[in-house]
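Worksheet: the structure to be examined is printed underneath.
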Amino acid sequence: MPAKGALRLAGPGTAVGARLVTAVVTAALLLTGCGSPADSGKDRPDAGRTSSEVRLPPRHAGFDYQLGGAYQPPAGVRVVSRDRTASPAPGLYNICYVNAFQAQPGETDSWPADLLLRDTRGKVVVDEDWDEPLLDIGTAAKRERVAKRVGRWIDGCADKGFDAVEPDNYDSYTRSEKLLTAEDATAFITLLSRHAHARNLAIAQKNTLELADLRQRTGLDFAVVEECGEWDECGAYAEAFDDRVLVVEYTDDGLRKALAGFGDRLSIVRRDMAVSTPDSEDYVRKVR
């Protein structure tokens, strides 16, 4: 989802700052072994590998981002991302969106109370920009339980015929009031990667440039990124994912910058912030 009002670890949108944070986080994860001894075990991110049956999205292909509702893809689109409740678009490469690290607004009661992240006062920690409670992935046991639930959604994506899955809010640890860590996030995403690959689905890294250097260890196959043109981060994502990057911009300036630097390499689309459908007065979709 758009990083609306969110703290950006890379600083004021500079690729240099992003690389500095990436280096610091990577070093910390390597030194700690991606988890404390108490949490070591089968969810430790050590060997995520793409299944031979997994099909990756094409590079530099027409792309549409349809999270606000499915509609007939425009001419030239070869890759589309839709919510897990939707159906794939026939004949295209389809990515299935799941909110993996946070609970959807209004769905708090569907989660066990102890799987909602709570502060020292027992209050649920919420992503205020989107009114989404954070899920508690702070221990190996809780990661397994959350992953089991998200895994059922991934199974649904596979059963419908999607080609890949896009787990959102990988960066939610940065909004956790320091209750969660990068190690927690990478350990959890590795569980999801293994499950997706077992179902012959590719899996995307969503945003979170500071962890891109760990993509092979965590088993992530490609990237879906928001506003990398706006924040001068497209180059770092392109390097980390060998140009297999799908870019969503939400401003004309961001689109212009993304196209100027990477229009011949990456899949780039400009959408409205609500990623609405064409029948909405807010609908915007541009590719140039």
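Predicted model only: the values in this text are computed from it and were never measured. Values reported hereafter were calculated over all heavy atoms of this structure, with side chains retained and with hydrogens, waters and symmetry mates removed.
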- Message: Do N200 and R55 pair up side chain to side chain, a donor and an acceptor below 3.5 Å, judged on atom types alone?
- Response: no

- Note on the structure: Going by chain and number, the hydrophobic cluster around V77 (ILVMFWY, side chain to side chain under 4.5 Å) further includes V80, L92

- Query: Can you list the residues that meet the ring-ring contact (aromatic ring centres under 6.0 Å, His included) rule with F222, with sequence neighbours excluded?
  - Reply: none

- For the residue pair P58 and S267, what are the closest heavy atoms and their distance? O-OG, 4.2 Å

- Query: Between R244 and D242, is there a side-chain N and carboxylate O pair less than 4.0 Å apart?
  - Reply: no

- Taking 4.0 angstrom as the limit, do D243 and R59 come out as a salt bridge? no

- Message: Can you confirm whether L246 sits close enough to L266 that some side-chain heavy atom of one is under 4.5 Å from a side-chain heavy atom of the other?
- Response: no

- Side chain H60, main chain I268, donor-acceptor under 3.5 Å: no

- Nearest heavy atoms of W153 and N99, plus distance in Å: CZ3-O, 3.4 Å

- Can you pull the disulfide bond (SG atoms under 2.5 Å apart) pairs that have at least one residue in residues 233-288, sequence neighbours excluded? C228-C234

- Item | Nearest heavy-atom neighbours spanning G68 and T277 | O-CG2, 4.2 Å

- Query: Angle class for the Y170/F101 ring planes (parallel below 30°, perpendicular above 60°, tilted otherwise)?
  - Reply: tilted

- Query: Under 6.0 Å from the CZ atom of R78, do we count more than 12 heavy atoms belonging to anything else shown?
  - Reply: no

- Distance in Å, L134 CG paired with R175 CZ, rounded so as to fall on 0.5 Å steps: 6.5 Å

- Any donor-acceptor N/O pair, Y237 side chain to L209 backbone, under 3.5 Å: yes

- Task: Give a yes or no on whether a salt bridge exists between K257 and D232, defined as a side-chain N under 4.0 angstrom from a carboxylate O.
- Result: yes

- Query: What do the steps show when you test D155 against R152 for salt bridge (charged side-chain N to carboxylate O under 4.0 Å, His left out), and what is the final call?
  - Reply: CA-CA 5 Å; D155 290 339; R152 291 196 290 268; over 6 Å; no

- Give the intermediate values and the outcome of side chain to side chain contact (heavy atoms under 4.5 Å, CB included) for residues L180 and L117. CA-CA 9 Å; L180 299 175; L117 185 67; 3.9 Å; yes

- Compare every heavy atom of A182 with every heavy atom of L211, then report the nearest pair and how far apart it is. CD2-CB, 4.0 Å

- Task: Identify the heavy atoms of L191 and A147 that sit nearest to each other, and give their distance.
- Result: CD1-CB, 3.9 Å

- Is the backbone of E226 close enough, under 3.5 Å, to the side chain of N207 for a donor and an acceptor to pair up by distance? yes

- Query: Roughly how far apart are E183 CD and L214 CG, rounded to 0.5 Å?
  - Reply: 10.0 Å

- Task: Tell me whether V284 is reachable from V248 by hopping between hydrophobic residues (I, L, V, M, F, W, Y) whose side-chain heavy atoms are closer than 4.5 Å.
- Result: no

- Message: Within this structure, what is the OG1-NZ distance for the pair T85 and K160, rounded to the nearest 0.5 Å?
- Response: 6.0 Å

- Measure from the side-chain N and O atoms of Y93 to the backbone N and O of A61, and report whether any donor-acceptor pair falls under 3.5 Å. no

- Query: Do D272 and Y250 get their side chains close enough for a donor-acceptor pair, meaning under 3.5 Å?
  - Reply: no

- Query: Roughly how far, to the nearest 0.5 Å, is CZ of R149 from CG of L135?
  - Reply: 8.5 Å

- Taking side chain as C-beta onward, heavy atoms only, is R271 less than 4.5 Å from R285? yes

- Item | Side-chain donor or acceptor of D163 paired with backbone N/O of N94 under 3.5 Å | yes

- Please name all residues satisfying side-chain contact (heavy atoms from CB on, under 4.5 Å) with D114, sequence neighbours left out, ordered by chain then number. P112, K142, R145

- Under-4.0 Å salt bridge between D159 and R199: yes

- Query: Who pairs with C96 by side-chain contact (heavy atoms from CB on, under 4.5 Å), at least two apart in sequence or on another chain?
  - Reply: R84, C157, F162

- Task: Check for a donor-acceptor pair, side chain of S193 on one end and backbone N or O of T218 on the other, with a separation under 3.5 Å.
- Result: yes

- Query: Is any side-chain heavy atom of V165 closer than 4.5 Å to a side-chain heavy atom of V98?
  - Reply: yes

- Quick one: does E144's side chain have a donor or acceptor within less than 3.5 Å of a partner on V146's backbone? no

- Query: Roughly how far apart are L67 CG and S81 OG, rounded to 0.5 Å?
  - Reply: 5.0 Å

- Message: Testing the 3.5 Å rule here: is there a donor-acceptor pair between the side chains of E230 and T251?
- Response: yes

- Task: Evaluate the side chain to side chain contact (heavy atoms under 4.5 Å, CB included) criterion for residues R118 and V125: first the C-alpha distance (whole Å), next the side-chain angles of each, then the deciding distance (0.1 Å), finally the verdict.
- Result: CA-CA 5 Å; R118 298 176 185 272; V125 179; 5.8 Å; no

- Query: So do the side chains of V150 and P167 get within less than 4.5 Å of each other, counting heavy atoms only?
  - Reply: no

- With distance as the sole test, does D131 use its side chain to make a donor-acceptor pair with the main-chain N or O of E128 at under 3.5 Å? no

- Query: Is any side-chain heavy atom of S276 closer than 4.5 Å to a side-chain heavy atom of Q66?
  - Reply: no

- Go through the steps for R270 and V287 under the test side chain to side chain contact (heavy atoms under 4.5 Å, CB included), then give the verdict. CA-CA 6 Å; R270 152 87 154 98; V287 293; over 6 Å; no

- Note, V245 side chain near V225 side chain (heavy atom, < 4.5 Å): yes

- Task: Identify the two heavy atoms, one from G219 and one from H197, that lie closest to each other, and give their separation to 0.1 Å.
- Result: O-CE1, 3.1 Å

- Message: Can a donor-acceptor pair be found, under 3.5 Å and without considering hydrogens, that links the side chain of T174 to the backbone of D171?
- Response: yes

- Task: If a pair satisfies ring-ring contact (aromatic ring centres under 6.0 Å, His included) and one of its residues is in residues 263-288, list it, with sequence neighbours excluded.
- Result: Y71-Y283

- Does some side-chain heavy atom of L179 sit less than 4.5 Å from a side-chain heavy atom of D119? yes

- Query: Is it true that E166 and K206 make a salt bridge, defined as a side-chain N closer than 4.0 Å to a carboxylate O?
  - Reply: yes

- Message: If hydrophobic clusters are built by linking Ile, Leu, Val, Met, Phe, Trp and Tyr wherever their side-chain heavy atoms come under 4.5 Å apart, do W111 and F188 end up in the same one?
- Response: yes

- Query: Are any side-chain N or O atoms of R215 and backbone N or O atoms of A240, one a donor and one an acceptor, separated by less than 3.5 Å?
  - Reply: yes

- Task: Decide yes or no for V54 and I203: does some side-chain heavy atom of the first lie under 4.5 Å from some side-chain heavy atom of the second?
- Result: no

- Task: Let me see the working for V126 and Q102 under side chain to side chain contact (heavy atoms under 4.5 Å, CB included), right down to the final yes or no.
- Result: CA-CA 9 Å; V126 175; Q102 299 181 180; over 6 Å; no

- Going from CD1 on I137 to OH on Y173, what distance comes out if it is rounded to the nearest 0.5 angstrom? 10.5 Å

